[in-house]
Amino acid sequence: EVITDGVEGFVVPVRDVEAMANALEVLVANSELRSEMGRKARARILDSFTLDRQVEQFLAMYAGLLKG
């Protein structure tokens, strides 16, 4: 929900130490990629996870539950 793999960060399988190490190696080796992913992550958080947006989504979820 928060991370798009390869855009704002990397998504690795749970408890997959090798996959996590590989993702970290990519980031350690590429400062431009780290900066780009950081900028994109911040932009996504500021755009998609504001308090107003979260309240709106919770209200829609609860309204859907009440209808169902």
Side-chain angles (χ1 to χ4, degrees):
E1 175 184 340
V2 177
I3 299 294
T4 306
D5 190 33
V7 178
E8 300 94 5
F10 294 112
V11 177
V12 297
V14 175
R15 294 186 182 90
D16 188 338
V17 176
E18 187 174 335
M20 185 179 291
N22 291 337
L24 289 171
E25 284 179 0
V26 169
L27 292 173
V28 166
N30 192 332
S31 63
E32 187 176 313
L33 179 61
R34 284 194 314 268
S35 294
E36 182 181 342
M37 283 184 166
R39 282 191 301 276
K40 288 180 178 179
R42 179 172 169 73
R44 181 169 178 149
I45 293 300
L46 292 174
D47 181 55
S48 300
F49 295 93
T50 63
L51 180 58
D52 289 341
R53 179 113 185 221
Q54 292 295 300
V55 168
E56 191 177 289
Q57 289 176 339
F58 276 112
L59 290 174
M61 178 185 68
Y62 290 136
L65 289 172
L66 290 172
K67 288 180 182 177

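The structure displayed is predicted, hence computed values, not measured ones.
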Subject >> Approximate separation, where rounding is to 0.5 Å, of E36 CD and N30 CG >> reply: 8.5 Å
Original post:
Would you say the side-chain atoms of N22 pair up with the backbone N or O of E18, donor to acceptor, closer than 3.5 Å?
Top reply: yes
Original post:
Any link between M61 and V55 through a network of hydrophobic side chains (Ile, Leu, Val, Met, Phe, Trp, Tyr) touching at under 4.5 Å?
Top reply: no
Subject >> Shortest non-hydrogen separation from I3 to V11 and the atoms involved >> reply: CG2-CG2, 3.8 Å
Subject >> N/O donor-acceptor pair under 3.5 Å between R34 side chain and V28 backbone >> reply: yes
**OP:** With rounding to the nearest 0.5 Å, note down the distance linking CG in L46 to CZ in R53.
**Re:** 12.5 Å
Original post:
Does the side chain of I45 come within less than 4.5 Å of T50's, by heavy atoms?
Top reply: no
Original post:
Take atom CZ in R42; do more than 12 heavy atoms of anything else shown fall under 6.0 Å from it?
Top reply: no
Original post:
Is a side-chain donor or acceptor of R44 paired with a backbone partner of E8 at a separation under 3.5 angstrom?
Top reply: no
Subject >> Distance (rounded to the nearest 0.5 Å) between F10 CZ and L24 CG >> reply: 9.0 Å
Subject >> From CG (L33) to CE (M37), nearest 0.5 Å >> reply: 4.0 Å
Original post:
When rounded to the nearest 0.5 angstrom, what distance separates NZ in K40 from OG in S35?
Top reply: 12.0 Å
